[in-house]
Amino acid sequence: MTPPAHGEPSLPPVFKRRAGETMAQIPKEEYILETTSACPGCSSSLSLRYILKAAGPDTVLVIPASCSSVIQGMYPNTAVNVPVYNIAFAAAASCASGMVAGLRRAGRETKVIVYAGDGGTVDIGLQALSGALERETDFLYICFDNEAYGNTGMQRSGSTPLGALTTTTPLGKIHPKKEIDRIVEAHHPPYQATAISAFPLDLFQKVEKALTFRGPSFIHLLAPCPTGWRFPHGKTIEVGRMAVKTAAWVLWERGQGRLSVSAPSKGPLKRPVPLQDYLGMQGRFKGLDPALLSRLQQGIGTNREAILAEAERP
Amino acid sequence: MKEIVTANYAIAEAVKQAVPGVIAAYPITPQTEIVERIAQYVARGELACDYIPVESEHSAMAACIGASAAGVRTFTATSSQGLLYMHEMLHWAAGARLPVVMANVNRAVGPPWNVWADHTDALSQRDTGWLQVYVATAQEAYDTTLMAFRIAEDKEVLLPVMVNLDGFLLSHTMQDLETVEPGSFIPPLHLPHAIDPAHPAAYAPLTGPKDYYRFRWEMEKSMRAARRVITRVEKDFAGRFGRRYGVTEEYRCEDADILVVAMGTLAREAEVAVDRLRAEGTRAGVMRLRWFRPFPTLDLTGREVVVIDRDYSFGFGGVLARSLCSAARIEPFSVIAGLGGQEVTYEDIASFVRERRPGEEYWFGVKGDV
Amino acid sequence: MYEVRIHSRGGQGGVTAARLIALAAFRDGKHATATPFYGAERRGAPIVAFARIDENPIRIYSQVRSPDLVVVLDRTLVPIVDVLKGLKPRGAVLVNSGHAVSLDHMKVHRVDLTGIALDENLVIAGEPVLDTPVLGAIARLGVVSLESATKAIAELFQDPRNVSAAERAYREVVL
């Protein structure tokens, strides 16, 4: 069988059948067992649960240094029921490039998913990611973005938003968040999306869709982090929903060059609730300098307008 | 078929015959010819292989790791800064027990910039868990590369192998090469721990103090077993193709009172120096070390030893000389020569022997306070 | 051991000429090596390359210090490079030139390689090819046989004009 050309959907029938229209249709199989060592309320491990349900068992996860290196459990145990290939911090995308080539060379269609944090994506792993995207590696790269180096105790990353308190920005971050989506977009991957665990069906569908494309796909997942963002661990979903309602996080997808806003973001994109409702839930924005707040608001507004403009482009 | 080729070409030819499934590489002088040639083989359909043109050496090794983990044969090549940039992934490849084969064209490390021969690049990677072999002719580069795949992939070893050759002096010198048909000499790779979604496992997960050392000990056990495997493979190679190699290559050593010990092309040129010295009545011989890791067991008792290092470990000494001090319990005359391509002739080598001062260190070319 | 040092400018084929000498000697049944000395030079800069021929395997990797033959592919190098450095007392010099060349009162063999290349229309990217014809002249000096020289050229280059240029250089070299 000739593989589909770069960018063409190649949905295997089994996945077409499984496509979840409603939460009830999401497969019951669990690939994340109950024994993770994640913090209570961790949205990253929750997201991974839906990601693997969408990907199914013929999947390899490639994980660079990150919270996920720990969450998966400690030798000789593992909480993940697909092969997990742990790799050095800067090497996830390049390792995946080789792995895909190796698997295809061995005649296997196994899906390769990189599951990397924001530091491993926008900072130390950026070069490898750029290379893998440029070489059209047939993989799905998911960046779970908790907006700081979580595994080492919340230091600033390039993805930390303006004004946020971290252990290395004790007065609030003075540089805006790096726009990784624009960097990725500049490589023209066949499929690109944003997601959040507060909308698991949206996440599930996007992963499923991403895996139908031959070539690189990228999903940027906002990962509310109770430990790092300083909110009660029972409020992960609430914080995530508020991120979407305020349009601080916009859910969208871009397939073959066309952007569409995802259902949960359609309303908020036009009529967002005040940003303060999102920031106020989190200790990391406590005592935010009004000047920084206004710059933060401005940045979010610009992003919203750019998404709207692209979505409405004929 | 006999032809005249550079050692870089000889390595590319051996790689073509070993048919790796994936090659990931990044250009760097003086290695570039190897990957250029391989890219041409792939483009012309002469080698059925995925050539991944990565964006850095770190990624080259990471991609080899990913591909090797999938159970396919892998190869890469680098030099100097590229090797150093890979450093983290060298440890990873060895620790993950992946039989990656790499050619390292030995070149000096900056600053200052220098593209010429020097062994410090590879020797500074000696604790990464890679097997290291140093060759001295195009033929040996070719033969050793073929053997490297076989040794790395042996189930008793499953560690990566680095084939080292001197930049320009060997990489770009044209010499005669006789190729072989490897046939069953390199059997298909069966990686017992290849990724298999039917048997999910966590590879290299967080491992505590209670267990970590076990993995390290397993590596060392394999490194020790590699000594046996190397000898077995070299013997098999000799039986099939007629060319014999050892852990060391000895020249007029049987009755020698003085041994010159070195690696790479310097040791080959030392043979000419030994002939001169013998003509003068000095009973000298050359022991060229091929395998640096695993380090061989050598009996040098009763001989004077002159060690030539084309490398240096600051604050300690020549890496080969110091290694021999501890492994063979000798006090050699340690000569530091050939750094960054410094010209060293057989006449110079003969003078090292004539003017030897056992137990001392001498930097060739440096006058005064050494 | 017979040692050759070739002086040329980057891009003129000095390295290939050394390779061809080694290959031809090898086809003569001898051992041979060819070593370019690479510096940081680019196109047009003076470069040297070496070839060694012997009955036994060659174990020397250092540069040729006292050549038996010096070949100069570009006469403009003569005033700026000490081309005679280390030349053996009975050593030979071959210069690419259409006119008699005087070098330190030495007997100099000359051959107009540039003229032959232009005549035979052996030009690549606007530059006359010197590395194949020079092998013919070197064969005339007895370093390699003409038969092996033409064989070596044919092994590396498909264009038959390379062989005919070498044969012409063999005939036209002024001893």
Side-chain angles (χ1 to χ4, degrees), chain B residues 1-9 29-30 32-33 105 107 112-117 136-140 165-178 249 251 262 264-276 286 288 310 337-338 341-349, chain C residues 1 3-6 13-42 47-67 85-86 131 135 144 148-149 151-157:
Chain B
M1 169 72 178
K2 273 206 164 196
E3 45 195 329
I4 291 260
V5 299
T6 66
N8 273 347
Y9 173 99
T29 304
T32 311
E33 280 184 355
V105 182
R107 163 188 150 178
W113 282 122
N114 176 301
V115 297
W116 293 277
T137 66
Q139 185 70 58
E140 188 184 350
L165 60 155
D166 289 330
F168 293 113
L169 293 172
L170 185 55
S171 67
H172 286 64
T173 290
M174 292 162 219
Q175 297 174 314
D176 49 303
L177 171 74
E178 184 170 10
E249 290 293 306
Y251 181 73
T265 53
L266 262 179
R268 182 111 166 117
E269 182 135 353
E271 294 180 9
V272 181
V274 158
D275 290 345
R276 301 264 161 137
V286 183
R288 177 162 68 83
R310 193 188 270 284
Q342 181 190 31
E343 174 83 345
V344 184
T345 66
Y346 54 88
E347 293 288 3
D348 298 324
I349 297 169
Chain C
M1 187 173 324
E3 298 180 299
V4 183
R5 185 172 69 216
I6 301 171
V15 174
T16 307
R19 184 181 180 193
L20 284 168
I21 294 170
L23 184 55
F26 187 60
R27 293 292 171 236
D28 279 336
K30 293 177 180 163
H31 289 275
T33 62
T35 309
F37 179 75
Y38 279 95
E41 297 91 349
R42 297 292 180 204
I47 63 162
V48 286
F50 313 105
R52 288 188 166 97
I53 302 169
D54 200 12
E55 302 299 329
N56 299 306
I58 294 160
R59 302 170 294 180
I60 300 175
Y61 290 86
S62 53
Q63 297 174 38
V64 168
R65 297 224 164 160
S66 44
K85 191 176 176 188
D131 49 18
L135 194 64
V144 295
S148 294
K151 208 188 278 178
I153 292 168
E155 270 182 52
L156 296 190
F157 301 97

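Keep in mind that this is a model prediction, so the values were computed, not measured. To find a chain, count down the sequence lines: A is the first, B the second, and so on, and within it residues start at 1.
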Out of the candidates B:Thr265, B:Leu266, B:Val344, B:Thr345, only one should pair with C:Tyr61 under the side-chain contact (heavy atoms from CB on, under 4.5 Å) rule; please name it.
B:Thr265
Output yes when B:Asp176 and C:Lys30 qualify as a salt bridge under the 4.0 Å nitrogen-oxygen rule, no when they do not.
no
With a 4.5 Å limit on heavy-atom distance, are the side chains of C:Pro57 and B:Arg268 in contact?
yes
Checking B:Val272 against chain C: side chain, backbone, both or neither under 4.5 Å from a heavy atom?
both
Could you look at B:Asp275 and say if it's the side chain, the backbone, both or neither that has a heavy atom under 4.5 Å from chain C?
side chain
Within this structure, what is the CD1-CD1 distance for the pair B:Ile4 and C:Ile21, rounded to the nearest 0.5 Å?
11.5 Å
B:Thr6 portion near chain C, given a 4.5 angstrom heavy-atom threshold
neither
Rounded to the nearest 0.5 Å, the NE2 atom of C:His31 sits from the CD atom of B:Gln175 at a distance of 11.5 Å
With sequence neighbours excluded, residues passing salt bridge (Lys or Arg N to Asp or Glu O under 4.0 Å) with C:Asp54
none
Taking every heavy-atom pair that is under 4.5 Å apart, which of B:Ala136, B:Ala270, B:Pro30 has the most such pairs with chain C?
B:Ala136
Just to verify, what does B:Glu269 make a side chain to side chain donor-acceptor pair (under 3.5 Å) with, not counting sequence neighbours?
C:Ser62
What I'd like to find out is whether the side chain of B:Met174 reaches to under 4.5 Å of the side chain of C:Leu20, using heavy atoms alone.
no
Would you check, one step at a time, whether the test side chain to side chain contact (heavy atoms under 4.5 Å, CB included) holds for B:Lys2 with C:Phe26?
CA-CA 9 Å; B:Lys2 273 206 164 196; C:Phe26 187 60; 3.6 Å; yes
Step by step, work out the side chain to side chain contact (heavy atoms under 4.5 Å, CB included) result for B:Thr173 and C:Arg52.
CA-CA 11 Å; B:Thr173 290; C:Arg52 288 188 166 97; over 6 Å; no
Between C:Gln63 and B:Glu343, is there a donor-acceptor pair closer than 3.5 Å when you use the side chain of the first and the backbone of the second?
no
If you measure from CD1 on C:Ile60 to CG on B:Leu169, what distance do you get to the nearest 0.5 Å?
13.0 Å
